[in-house]
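When a ligand or atom number is given, it counts from 1 through the structure's own listing order.
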Amino acid sequence: MAAPFSNRQTTSTTTNHAPANVEVDASYENDESYGDQLSWYSASLTSSALDYRIENGRRYHRFRDGSYLLPNDERESDRLDMIHELFLVLLHRKLYLAPIKNPRRVIDLATGTGIWAIDFADQHPEAEVIGCDLSPIQPTSVPPNLKFLVDDIESEWTYGRDPFDYIHARFLAVSIKNYGKLVKQCYKSLRPGGWAEFQDWDGYPLSEDGSLDGTALQRYFNEVYGAFAEAGVEVRPGPKLEQWLKDAGFVNIHVEKFVVPFGVWPKDPHLKELGAWNQAQAEASGFEGLALAALTRYKQWKTEEVIVLASQARADGRRRDIHSLFHFYVVYGQRPEN
Ligand SMILES: C[S@@+](CC[C@H](N)C(=O)[O-])C[C@H]1O[C@@H](n2cnc3c(N)ncnc32)[C@H](O)[C@@H]1O
């Protein structure tokens with residue numbers, strides 16, 4: 001079947017930042033500095049709470065109740081802000097990679113704590129920026145050119161009547177049911193010549209040397225993502241983004257693929273730092289946070305069973321002989337000028 005807009009010339013380029021093999025650091029002496037850095041960061045964070053549902057000791061969104069399976073409490077907000085730092089390290093302090101120039105109207109989809117949108121609004125005072133999320137967990141004191149909305153980005157957009165110059169969506173894995181449709185909605189909501197950028201995971205970890213195989217860490221992801229599949233939620237959008245952008249009609253598509261290790265096992269200092277942030281965010285909330293609602297609501301697990309699996313996964317995550325990593329993708333494309 002022909003894809004829509006198949007008559008258009010779709011250009012596509014790929015940059016692969018994922019090294020063929022990630023070298024293991026045999027000396028563990030320099031790892032302690034990461035502990036200090038991470039505890040300072042977590043202590044300095046706060047978040048706000050307005051609307052919620054409490055379950056298994058965690059707080060969840062109320063608007064479109066049940067559609068997103070991760071909590072929206074302070075622990076989760078701390079985790080999201082740590083992930084923001086992880087992404088800044090990954091992209092060498094850049095907030096985005098698309099070649100945008102003086103964008104006037106910008107939206108950050110599923111903005112979370114709004115931390116990306118706040119940084120972007122500060123850097124682009126000329127732009128009117130919207131951050132949209134199911135949960136009202138963003139701060140109230142923000143740059144004057146930024147406003148936050150509570151809405152479901154998988155519903156028809158009311159704020160898309162005036163076209164956007166730039167649409168940003170980061171880490172929508174474990175959130176979205178019909179990601180391809182969302183990409184088409186983005187295309188429709190851009191002005192001709194505008195850009196959309198998606199930064200997202202392949203949510204399944206892997207190891208190049210087989211050290212993840214048969215571990216509790218691997219079982220954790222298999223079980224939890226089995227429940228997400230039951231809920232119909234996309235957990236590995238990263239490698240599919242390029243095709244979704246082509247199908248929607250985007251041109252000048254560019255794909256950048258990265259490695260994000262889990263833990264401080266790599267020798268390379270940049271990969272080691274990424275691995276430290278990745279482990280820190282998972283420990284801040286992620287292991288129970290990702291698993292509780294999914295496994296109890298969709299697989300009928302008992303809370304205690306989830307907590308045991310999460311703690312086994314956490315213990316494996318600390319092991320230096322398990323060399324797990326994730327792939328992360330930044331994919332952007334342009335709506336044609338005419
Ligand atoms: C993993 S977080 C990522 C947050 C943010 N994009 C970032 O990179 O820091 C996913 C966010 O998507 C939001 N979300 C999930 N489904 C959504 C939907 N259908 N509409 C709007 N927001 C949604 C969640 O509330 C959560 O804040």
Query raised in the report: Which of these, Val233, Asp152, Leu182, Ile176, has its nearest heavy atom closest to atom 19 (N) of ligand 1?
Result: Asp152
Report summary line: Near Arg170 (heavy-atom distance under 4.0 Å), the atoms of ligand 1 are 3 (C), 5 (C), 6 (N), 7 (C), 8 (O), 9 (O)
Query raised in the report: When only distance counts, is Arg79 in polar contact with ligand 1, meaning an N/O pair under 3.5 Å?
Result: no
**Report entry** Distance-only donor-acceptor check, side chains Arg64 and Ser155, under 3.5 Å
**Finding:** yes
Query raised in the report: Counting both backbone and side chain atoms, is some N or O of Ile115 under 3.5 Å from an N or O of ligand 1?
Result: no
Requested in this report: Below 4.0 angstrom from a heavy atom of Ser175, which ligand 1 atoms are there? Numbered from 1 as shown, please.
Outcome: 10 (C), 12 (O), 15 (C), 16 (N)
Query raised in the report: Going by atom types alone, do Asp200 and Tyr179 pair a side-chain donor with an acceptor below 3.5 Å?
Result: yes
Query - Proximity of Tyr96 and Tyr332 rings by center, below 6.0 Å - result: no
Report task. Assess Asp151 for proximity to ligand 1: is some non-hydrogen atom of it under 4.0 Å away? Result -> yes
Query - For atom 3 (C) of ligand 1, closest protein heavy-atom neighbour - result: Phe171 O, 3.4 Å
Query raised in the report: Looking at Leu80, which atoms of ligand 1 are within less than 4.0 Å of one of its heavy atoms?
Result: 1 (C), 2 (S)
Report task. Please determine, by modelled atom types, if Gln312 and Asp316 share a side-chain donor-acceptor pair under 3.5 angstrom. Result -> no
Query raised in the report: What is the nearest protein non-hydrogen atom to atom 5 (C) of ligand 1, stated with its residue, atom name and distance?
Result: Ala110 O, 3.2 Å
Query raised in the report: Should Ile153 be counted as touching ligand 1, given the test is an N or O pair under 3.5 Å?
Result: yes
**Report entry** Closest candidate by heavy atom, reference atom 24 (C) of ligand 1, pool Trp201, Phe87, Trp116, Tyr68
**Finding:** Tyr68
Query raised in the report: Any donor and acceptor pair, going by atom type alone, linking the side chain of Glu234 with main-chain N or O of Arg236 inside 3.5 Å?
Result: yes
Report task. Indicate yes or no for a side-chain donor-acceptor contact from Lys184 to the backbone of Ala248 under 3.5 Å, with no hydrogens or angles considered. Result -> no
Requested in this report: Flag Asp133 as yes when one of its N or O atoms lies below 3.5 Å from any N or O atom of ligand 1, and as no otherwise.
Outcome: yes
Query raised in the report: Is the closest heavy atom of Thr111 to ligand 1 under 4.0 Å?
Result: yes
Query raised in the report: Should the pair His168 and Trp116 be assigned to parallel (<30°), tilted (30 to 60°) or perpendicular (>60°) ring geometry?
Result: parallel
Query - Heteroatom proximity flag, Leu134 to ligand 1, N/O under 3.5 Å - result: yes
**Report entry** Residue pair Glu208 / His323, side-chain donor-acceptor N/O under 3.5 Å
**Finding:** no
Report summary line: Of Glu305, Glu230, Glu223, the one forming a salt bridge (charged side-chain N to carboxylate O under 4.0 Å, His left out) with Lys299 is Glu230
